[in-house]
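Notes for the one structure printed next.
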Number of protein chains: 2
Amino acid sequence: MKKVSESTIARLSVYLRLLTELAAAGVTTLASGELARRCGTSAAQVRKDLSFFGTFGKRGLGYSVPELTEALRGILGLERRWRVALIGAGKIGAALMAYQDFRRQGFDIVAVFDADPARVGTEWQGLVIQRDADLETSLQGIDIAIVAVPASAAQGVVNRVVAADVRAILNFAPTKLDVPEHVAVKTVNMALELEGLSYALVNEARGARRVTSRPAASRG
Amino acid sequence: MKKVSESTIARLSVYLRLLTELAAAGVTTLASGELARRCGTSAAQVRKDLSFFGTFGKRGLGYSVPELTEALRGILGLERRWRVALIGAGKIGAALMAYQDFRRQGFDIVAVFDADPARVGTEWQGLVIQRDADLETSLQGIDIAIVAVPASAAQGVVNRVVAADVRAILNFAPTKLDVPEHVAVKTVNMALELEGLSYALVNEARGARRVTSRPAASRG
DNA sequence: CGGGACTTGTGAAACCATTCACAATCCAAC
DNA sequence: GTTGGATTGTGAATGGTTTCACAAGTCCCG
């Protein structure tokens, strides 16, 4: 299999979301142009993205919504459920527990950890908060770790998560994380986005125009 | 001024965060190589990023931490404070209100709106939740709107926000937004990141390797 | 069964971002 | 001063992603 860019993978997620919506609305068939229009990209881009993984359409007709949906779910690894651990039961952690929308996509938070003894042992959305000290042992069988601790603690937590053989991390700490090659990291950083908006606002005033693409999440 | 990519702007934010940290630790001078190492990029990339905006270093020596900090704050438009409105007082909105870390970077949430009559009028972190119907009038003087409503309601809200002359939007709804050319939009989409991790996990098993860059936030 | 309208899949071209490589510059030490 | 070691700023080269353009395939209709 060829090397596929993160941009492509992100777009596949977007396509999948739209397809799910359209399927619910009873749409059975869809052309690349329409898919592109509704996802904010180009028809050529849609076809190129899909072409990395096979051929899914019918010439002259477009794509079958249920078939493409299934194909994308397979590509993205969404045919199974993933076991997720949340590390850090602070404000962000609380929001994630409350807003478990991603459960619908197959991501189940099955363990929660915190370093604060006052929080350990309390129940939270049906889960008991575990001691930070138990990380190593309790991360057995976890696929993805969500790191929602202060920036200063993040690298330390990540080292222990990696040692526990977790190979995917969703990071909410605004800091760079060093991980081995085989561990995937994605970072969500709201402050960064706000600063991007700030730049856009002052530069609109300065007369600058449209900017282009976006930065890389690290891996390895 | 030349066209500058969003990747560059995002990295400038990262540099600024590190510089702030280093300044607090008493570091006064810094070379591009060290800055790069600590931010997960390359020395050449750091220098190229900065070169779009001027020359800030001293050959043979590196960059003055306070001077570069000030320069970056200027470039990113962080020398002033921004007035932010939060639209949607649900789970995500609640997390944002509670976790106001970005206040330190100059972003003040000064208004909150919700469509649910049960929530309107209640006080929340010192702000009274306003009626959705008052959006148009109450958005006067707002620089940035945070859209934290369900995907199905997002485009409608955005249209009204744009009509109220807000020119920057931070979107938490997992949906594409259509906005005029002059409005900047950044989207935060956790489900997308999780799906990227899912892909990485299944593809590691399939034997694929390292992927590269990341998707674009829309503008216009 | 053949023509026309439409759409896919894909090599090639265009575009954009990153890395390279080096001249220009600076500081410190002697 | 002058030498040596270090670092920036930047044009050129490289590498990667997106767009273009078109042959090949599909369906519908008469």
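Residue numbers start from 1 in every chain, and the chains themselves are labelled A, B, ... in the order their sequence lines are given, proteins ahead of strands. Owing to the predicted nature of the structure, the values given are computational and were not obtained by experimental measurement.
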- Message: When you measure from the side-chain N and O atoms of B:Ser32 to the phosphate of D:dT7, is any distance below 4.0 Å, counting only OP1 and OP2?
- Response: no
- Message: Counting the atoms with a prime plus P, OP1 and OP2 as sugar-phosphate, which does B:Thr41 contact under 4.0 Å by heavy atoms, base, sugar-phosphate, or nothing?
- Response: nothing
- Check ion pair A:Asp49-A:Arg11 (N to O, under 4.0 angstrom): yes
- Between A:Leu61 and B:Lys48, which is nearer to the 5' end of DNA chain D once each is assigned its nearest nucleotide? B:Lys48
- Round to the nearest Å and state the distance from A:Phe52 atom CZ to D:dG16 atom C1'. 10 Å
- Between C:dA17, C:dT7, D:dT8, which nucleotide has the shortest distance from any of its atoms to the side chain of A:Ala31? C:dT7
- OP1 or OP2 of D:dG9 under 4.0 Å from side-chain N/O of B:Tyr63: yes
- Ion pair B:Arg160/B:Asp132, N-O distance below 4.0 Å: yes
- Which whole-number value in Å describes the distance from B:Tyr15 OH to D:dT8 P? 12 Å
- Message: How many whole angstroms separate atom CZ of B:Arg37 from atom C1' of D:dT7?
- Response: 17 Å
- Message: Taking only side-chain N and O atoms of A:Gln45, does any of them lie within less than 4.0 angstrom of OP1 or OP2 on D:dT17?
- Response: no
- Message: Quick check: on DNA chain D, is the nucleotide nearest A:Gly60 upstream (toward 5') of the one nearest A:Arg47, or the reverse? Name the residue that is more 5'.
- Response: A:Arg47
- Below 4.0 angstrom from OP1 or OP2 of C:dC16, is there any side-chain N or O of B:Lys3? yes
- Donor-acceptor pair under 3.5 Å: do we get one between A:Arg59's side chain and the base of D:dT26? no
- Note on the structure: Quick note, A:Ala44 side chain, CB onward, closest among D:dC20, C:dT8, D:dT18 is D:dC20
- Query: When you check the gap from the basic side-chain N to the acidic O, do B:Lys176 and B:Asp178 get nearer than 4.0 Å?
  - Reply: yes
- B:Arg103 bridged to B:Asp108 by N-O distance under 4.0 Å: yes
- Query: Of the non-hydrogen atoms in A:Phe172 and A:Ala148, which two are nearest, and what is the gap between them?
  - Reply: CB-CA, 4.4 Å
- Under 4.0 Å between a side-chain N/O of B:Ser51 and OP1 or OP2 of D:dG9, yes or no? no
- Integer-rounded Å distance: C:dT8 P and A:Phe53 CZ: 18 Å
- Please give, in whole Å, the distance from D:dG9 C1' to B:Phe56 CZ? 12 Å
- Query: Just how far, in rounded Å, is C1' of C:dT8 from CG of A:Leu35?
  - Reply: 13 Å
- Item | Any B:Ser42 side-chain N or O less than 4.0 Å from OP1/OP2 of C:dT19 | yes
